[in-house]
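Below: the structure, in structure tokens.
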Amino acid sequence: MESFENQLLIAMPSLDDSYFNKSVTYICEHNDKGAMGLIINLPVNLTLSELLSQINDELEETPSLEQLVLTGGPVSQDRGFVLHSPQAGWHSSLALSDEVMITTSKDILMALGTEEAPEKFLVTLGYAGWGPGQLEQEIQANSWLMAPADEDILFHTPHDQRWKKATAKLGIDLAHLSSDIGHA
């Protein structure tokens, strides 16, 4: 079985699901039990500063905390996930690649906006999940494109430009993509 871990799952224009339309999802885990990913381009109406003030009312304002929190997916939207650049000392963070780590630990949230924070990070609420074989079936049905994960897209590209940039990384001009699907 080919693993799709550390790949970007890019919604095809034909995917008319209101939740996943034009979404880009970073695949964190993929095995014979299913797949788990975080949508990286669907913001909620909440800044990181506003989210963290619910946890710590003595939080100091910093520009890095003004980024928007993202909807990671429709599952467990009360659960937060932090994708971040590698940094020693975060024992609860799991390395997904040489460039990306993930955690659900509160300790890293409290470090965001301070000198202890990872250099690059994004925060999501919830995740996207697929059962065994479901993601493979959706890819075969032409609902998704796959591209290698890209640190620039994850951490530096504005969320509203990630879908376009991810498709461009594949050499695809969005103007030439059809919403029709078919098989040769």
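Atoms considered below: every heavy atom in the structure, side chains included; atoms not considered: hydrogens, waters and symmetry mates.
- Tracing side-chain contacts under 4.5 Å through hydrophobic residues (I, L, V, M, F, W, Y), one reaches Leu65 starting from Val69; they form part of the same cluster.
- Closest approach of Trp163 to Ser23, counting heavy atoms only: CD1-O, 3.6 Å.
- You'll find the side chain of Phe81 stays beyond 4.5 Å of the side chain of Leu125, heavy atoms only.
- In this structure, Lys106 has no salt bridge (charged side-chain N to carboxylate O under 4.0 Å, His left out) partners at least two apart in sequence or on a different chain.
- The CG atom of Asn21 sits 8.0 Å away from atom OG of Ser18, with the distance rounded to the nearest 0.5 Å.
- Atom NE2 of His156 is separated from atom CG of Leu122 by 11.0 Å, given to the nearest 0.5 angstrom.
- With rounding to the nearest 0.5 angstrom, the OG1 atom of Thr71 is 4.5 Å from the OH atom of Tyr19.
- Aromatic pair His84/Phe121: centroids not less than 6.0 angstrom apart.
- Counting all heavy atoms, side chain and backbone alike, Asn6 lies closest to Ser97 at ND2-CB, 3.4 Å.
- For Gln134 and Glu138, the side-chain atoms include at least one donor-acceptor pair closer than 3.5 Å.
- Residues Ile10 and Met146 fail the side-chain proximity criterion, which asks for heavy atoms closer than 4.5 Å.
- More than 12 heavy atoms of other shown residues, nucleotides or ligands fall within 6.0 angstrom of atom CG in Asp17.
- Rounding to the nearest 0.5 angstrom, the gap separating the CD1 atom in Ile139 from the CE atom in Met12 is 12.0 Å.
- Cluster annotation: Val75 is not connected to Trp130 through the hydrophobic network of ILVMFWY side chains, with a link wherever side-chain heavy atoms come within less than 4.5 Å.
- Note: the hydrophobic cluster containing Tyr127 does not contain Leu68 (ILVMFWY, side chain heavy atoms under 4.5 Å, direct or indirect links).
- Every pair passing salt bridge (Lys or Arg N to Asp or Glu O under 4.0 Å) that includes a residue from residues 111-125 is listed here, sequence neighbours excluded: Lys120-Glu151.
- Ser105 meets the side chain to side chain donor-acceptor pair (under 3.5 Å) test with Ser92, Asp107; sequence neighbours excluded.
- Between Pro118 and Gln87, the shortest heavy-atom distance links the atoms CA-OE1, 2.7 Å.
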Subject >> Worked verdict on Met101 versus Leu94 for side chain to side chain contact (heavy atoms under 4.5 Å, CB included) >> reply: CA-CA 5 Å; Met101 298 182 87; Leu94 174 67; over 6 Å; no
**OP:** Just do the side chain to side chain contact (heavy atoms under 4.5 Å, CB included) check on Ile39 and Thr124 with the steps written out, would you?
**Re:** CA-CA 8 Å; Ile39 300 172; Thr124 74; over 6 Å; no
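- Expressed to the nearest 0.5 Å, how far CG of Leu135 lies from CE of Met36 amounts to 13.0 Å.
- In terms of heavy atoms, His159 sits closest to Ile40 at CB-O, 4.2 Å.
- Residues Glu99 and Ser85 form no side-chain contact, since every pair of their non-hydrogen atoms from C-beta on lies 4.5 Å or further apart.
- In this structure a side-chain-to-backbone donor-acceptor pair under 3.5 Å is present from Ser3 to Glu5.
- None of Asp152, Asp160, Asp150 except one satisfies the salt bridge (Lys or Arg N to Asp or Glu O under 4.0 Å) rule with Lys165; the exception is Asp152.
- A continuous path of hydrophobic side-chain contacts links Leu46 to Leu48 [ILVMFWY only; heavy atoms under 4.5 Å].
- Put simply, the side chain of Phe20 reaches to within 4.5 Å of the side chain of Pro74, judged on heavy atoms.
- Put simply, the side chain of Arg162 never gets that close to the backbone of Asn41: no donor and acceptor are under 3.5 Å apart.
- A donor-acceptor pair under 3.5 Å is formed between the side chain of Glu50 and the backbone N or O of Thr47.
- For Ala111 against Trp90, the heavy-atom pair with the smallest separation is CB-CH2, 3.4 Å.
- Atom CD in Gln7 sits 12.0 Å away from atom CG in Leu145 (nearest 0.5 Å).
- Residues Leu9 and Phe4 fail the side-chain proximity criterion, which asks for heavy atoms closer than 4.5 Å.
- Grouping the Ile, Leu, Val, Met, Phe, Trp and Tyr side chains by contacts below 4.5 angstrom, directly or via other members, places Leu38 with Leu70.
- Residues Leu8 and Thr25 have side chains not in contact (no heavy-atom distance under 4.5 Å, counting atoms from C-beta outward).
- Using a 4.5 Å cut-off on side-chain heavy atoms (C-beta onward), Leu83 and Leu154 make contact.
- Judged by distance alone, with hydrogens and angles left aside, the side-chain atoms of Asp32 form no donor-acceptor pair with the main-chain N or O of Pro132 at under 3.5 Å.
- The shortest non-hydrogen separation linking Val123 to Leu51 is CG1-CD2, 4.2 Å.
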